[in-house]
Amino acid sequence: MITKEQQRTNFSGEFTKSDLVGKRVTVNGWVLNYRDHGDLTFVDLRDRSGYVQLVFDPQANPDAHAAAKKLRHEDVVAATGIVLERQPELVNPRMATGKYEIKIDKIWVLNKSKTPPFQLDEPEIGEEVRLKYRYLDFRRPQMYNNMLMRSKMTGTIRNFLDDNGFLEVETPILNKSTPEGARDFLVPSRMQHGQFYALPQSPQIFKQILMVGGIERYYQIARCFRDEDLRADRQLEFTQIDIEMSFVTQDDIIDIMSKMIAKILKDNYNTDIKLPIRRMTYKDAIDKYGIDRPDLRFGMEIVDVTETVKDCEFQVFKNVIAAKGMIKCLPVPDGNRLSRKDLDELIAFVGRYGSKGMAWMRVKDGKLESNIVKYFSDDVQKKLIDATGAKEGHALLFIGDANSKVVYDSIANLRLEVGERFGLRGKDKIELVWVVDFPLFAWNADENRWDATHHPFTAPKMEQIPMLDTSPGEVLSDAYDLVMNGIELGGGSIRIHDPEVQSKIFRLLNIDDESAKVKFGFLLDALSFGAPPHGGLAFGFDRIVMLFQKLDNIREVIPFPKTQKGQCLMSETPSGVTKVQLDELGIRAVEVKANK
RNA sequence: GGGGUUGUAGCUCAGUUUGGUUAGAGUACUGGCCUGUCACGCCAGGUGCCGCGGGUUCAAGUCCCGUCAACCCCGCCA
């Protein structure tokens, strides 16, 4: 409880200018630190705005001084007194409010604190203890700043979309389960035993339905759920900026979303980016960077040398070529800095992605050298130097494999790893690119059918629709991803608005009419009632905040994240439930951990 | 499901390579002294399931096996 008298007149961080000097002020906050000199005592009082020094003089105010001597870290206090300008020699230049202090004549201890489990001013606390005591973690300026910027960014986004005629519409959290895509979180139905809801992986179908409903411009800051394994940039639940628009082209969507991203950066980080954001085709991205989300903060483009080395005597390459595989080369400027140890580490690194090895050469005195150069004739060597543009001091790193996925995964990540080691991936650089012209389908060799590259509602390029019958693998789609520094911020597509085309796509995806009807019948129905041409996209909001805050872990910008095993260390979620609860739901657990 | 890293005082970490006396430092905490500090200083004090379980050994924080947790990665996920 707090009284009117105790309530703050000013935030602690406000005392940076002389206008408050001589005034009586009241501050509220937490004890950041205390310095007891026996008589004269200082307390740094922190609130969310910063901190200010309180002075307690036993001569002037013996009661307040006596109370101050008992203060400890994180006690909650209200204090009132007169703002003083410090003598020049007493100014603390490292402190925002270091020119001023408050001479306190009355203090109220609103709440004592137990000794905190970690020191809030320690910069590197183990994440486990931070997550367990997240409420203390929030008191640290870094975390407060992450939450503040997250909030500011949603504000910018809402304002921007509002100004551009978007409606914020909510969609259900309890949905129909579909086996495609990620694993669903299931919620049992109490009223219909054996039936389940699924939490949304994204509001995809509903936002298309809203377009059919004539909403025309929709957005939602939507929580999404995917029951898959966690990573540094993946949580079980995460937030999407979800967008859908009617009567638009791909260019319209790319244009307006580019402006939104530019505005977020301008308004919150005072950072200008050049519009339009550059574009790159999926094919170029794969050819040059081996991946559909290229990190363009540095060059080092990949070169295909399968043809170039076809006449070499190096058995590994010969075997790859015989198996109709591919050989890619990463030319590394200044690559002679890579020691044998570095190279061995890189060989181990590409092993993660299935590569059985990594060949390498160095350019020295205009010639190639390494343990395998002898298997390459002078002619082949010359061709290699030409093809890769290798210059003095370059290293050429080679990945060859019969399996093209192994080659691309390995060389793409090798490029990133070398870039990392050479310090080319600075967090201050922002390199945005729209990757466009994705193939509509990817061949699923395991199940001998086509998979949707984006999702089953993505529109093929209009002029390529006839190719669906003849060469579906070559059909491109109106799909687009926005990539920043090698991380996908978001992506979307123009959707199919013609129920016949949609049915045809389902058939190619091996979803027969019957199951299409069961799973998506209401969408197909909706499309048949005058669905407007429409499209949209979704941004991974947590990732955007993470990147803009120059962090490399999404948990830093999510208030209450889960650990890699899906636990909340603070609330100890998940947990057991009572038998009564299960009975109501018609559920029986096969294995039961002791209920807490 | 798999590979790797880490786990020692409330916190941050040293000690583990090469087993050997009573396991250390800083900070936090408790008490005392100190009127200008701001990472205040000085004095004194308590602080340990060395993640857990088993094994080897005369002897284990240290070696071996298993296990748990957190993190990074592969698979998975768009």
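Worth saying up front: this structure is predicted, and the values here are computed from it rather than measured. Proteins get letters first, then strands, A, B, ... in listed order; numbering begins at 1 in each. What's counted below: heavy atoms across the whole structure, side chains too, no hydrogens, waters or symmetry copies.
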Will you find, in the side chains of [X] and [Y], an N or O donor that is under 3.5 Å from an N or O acceptor?
{"X": "A:Tyr289", "Y": "A:Asp284", "value": "no"}
{"X": "A:Asp36", "Y": "A:Thr41", "value": "yes"}
{"X": "A:Asp47", "Y": "A:Ser12", "value": "yes"}

On a whole-Å scale, what distance lies between the [atom1] atoms belonging to [N] and [M]?
{"N": "B:rU47", "M": "B:rA9", "atom1": "P", "answer": "15 Å"}
{"N": "B:rG3", "M": "B:rG75", "atom1": "C1'", "answer": "11 Å"}
{"N": "B:rG2", "M": "B:rG20", "atom1": "P", "answer": "34 Å"}
{"N": "B:rU62", "M": "B:rU6", "atom1": "P", "answer": "15 Å"}

Give a yes/no on whether any side-chain N or O of [X] is located under 4.0 angstrom from OP1 or OP2 of [N].
{"X": "A:Arg35", "N": "B:rU37", "answer": "no"}
{"X": "A:Asn413", "N": "B:rC73", "answer": "no"}
{"X": "A:Asn33", "N": "B:rU37", "answer": "no"}
{"X": "A:Arg94", "N": "B:rA39", "answer": "yes"}
{"X": "A:Arg231", "N": "B:rC76", "answer": "no"}
{"X": "A:Thr115", "N": "B:rC29", "answer": "no"}

Among [options], which nucleotide sits nearest the side chain of [X]?
{"X": "A:Gln59", "options": "B:rA78, B:rU35, B:rC71", "value": "B:rU35"}
{"X": "A:Ile125", "options": "B:rC38, B:rG75, B:rU12", "value": "B:rU12"}
{"X": "A:Pro117", "options": "B:rG31, B:rC76, B:rG10", "value": "B:rG10"}
{"X": "A:His454", "options": "B:rC74, B:rA78, B:rU12", "value": "B:rA78"}
{"X": "A:Tyr34", "options": "B:rC29, B:rA69, B:rG75", "value": "B:rC29"}
{"X": "A:Leu40", "options": "B:rU37, B:rC71, B:rG36", "value": "B:rG36"}
{"X": "A:Gln564", "options": "B:rC34, B:rC73, B:rC38", "value": "B:rC73"}
{"X": "A:Ala232", "options": "B:rC74, B:rC72, B:rC11", "value": "B:rC72"}
{"X": "A:Leu90", "options": "B:rA78, B:rC38, B:rU27", "value": "B:rC38"}
{"X": "A:Arg234", "options": "B:rA70, B:rC76, B:rC29", "value": "B:rC76"}

Counter-base of B:rG66, judged by Watson-Crick or G-U geometry with both distances under 3.5 Å: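 Here B:rG66 is engaged in a pair, and the nucleotide opposite it is B:rC52.
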Give [X] one of three labels, base, sugar-phosphate or nothing, depending on what nucleic acid heavy atoms sit under 4.0 Å from its own.
{"X": "A:Glu101", "result": "base"}
{"X": "A:Asp121", "result": "nothing"}
{"X": "A:Thr453", "result": "base"}

Rounded to the Å, how far apart are [X] [atom1] and [N] [atom2]?
{"X": "A:Glu228", "N": "B:rC73", "atom1": "CD", "atom2": "P", "value": "16 Å"}
{"X": "A:Ile291", "N": "B:rA78", "atom1": "CD1", "atom2": "P", "value": "16 Å"}
{"X": "A:His65", "N": "B:rU35", "atom1": "NE2", "atom2": "C1'", "value": "9 Å"}
{"X": "A:Lys565", "N": "B:rC71", "atom1": "NZ", "atom2": "P", "value": "9 Å"}
{"X": "A:Asp542", "N": "B:rC77", "atom1": "CG", "atom2": "P", "value": "20 Å"}
{"X": "A:Leu230", "N": "B:rC71", "atom1": "CG", "atom2": "P", "value": "8 Å"}
{"X": "A:Asp227", "N": "B:rC77", "atom1": "CG", "atom2": "P", "value": "12 Å"}
{"X": "A:Tyr408", "N": "B:rC74", "atom1": "OH", "atom2": "C1'", "value": "21 Å"}

Identify whether a stacking contact exists between A:Phe42 and B:rU37, where the ring centres must be under 5.5 Å apart and the planes under 30° apart.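 Yes, A:Phe42 stacks on the base of B:rU37.
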Kindly confirm whether the side-chain ring of A:His37 is stacked on the base of B:rC40, judged by centres under 5.5 Å and planes under 30°. yes
Should the side chain of A:Gln87 and the base of B:rG36 be counted as holding a donor-acceptor pair, with the cut-off at 3.5 Å? no
Donor-acceptor pair present, A:Arg555 side chain and B:rC71 base, under 3.5 Å: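 No, no donor-acceptor pair under 3.5 Å.
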Between A:Glu237 and A:Arg226, is there a salt bridge with N-O shorter than 4.0 Å?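 A:Glu237 and A:Arg226: not salt-bridged.
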According to the interplanar angle, ranging from 0 to 90°, do the rings of A:His37 and A:Phe42 count as parallel (below 30°), tilted (30 to 60°) or perpendicular (above 60°)?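 Rings of A:His37 and A:Phe42: perpendicular, over 60°.
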A:Phe185 six-ring centre to A:Arg183 NZ/CZ under 6.0 Å and within 45° of normal: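 Not satisfied by the 6.0 Å and 45° rule.
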Any donor and acceptor pair, going by atom type alone, linking the side chain of A:Arg46 with main-chain N or O of A:Gly50 inside 3.5 Å?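 No, A:Arg46 side chain to A:Gly50 backbone: no donor-acceptor pair under 3.5 Å.
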Taking A:Arg555 for its side chain and A:Ala232 for its backbone only, find out whether a donor-acceptor pair lies under 3.5 Å.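 Here the side-chain-to-backbone pair does not exist.
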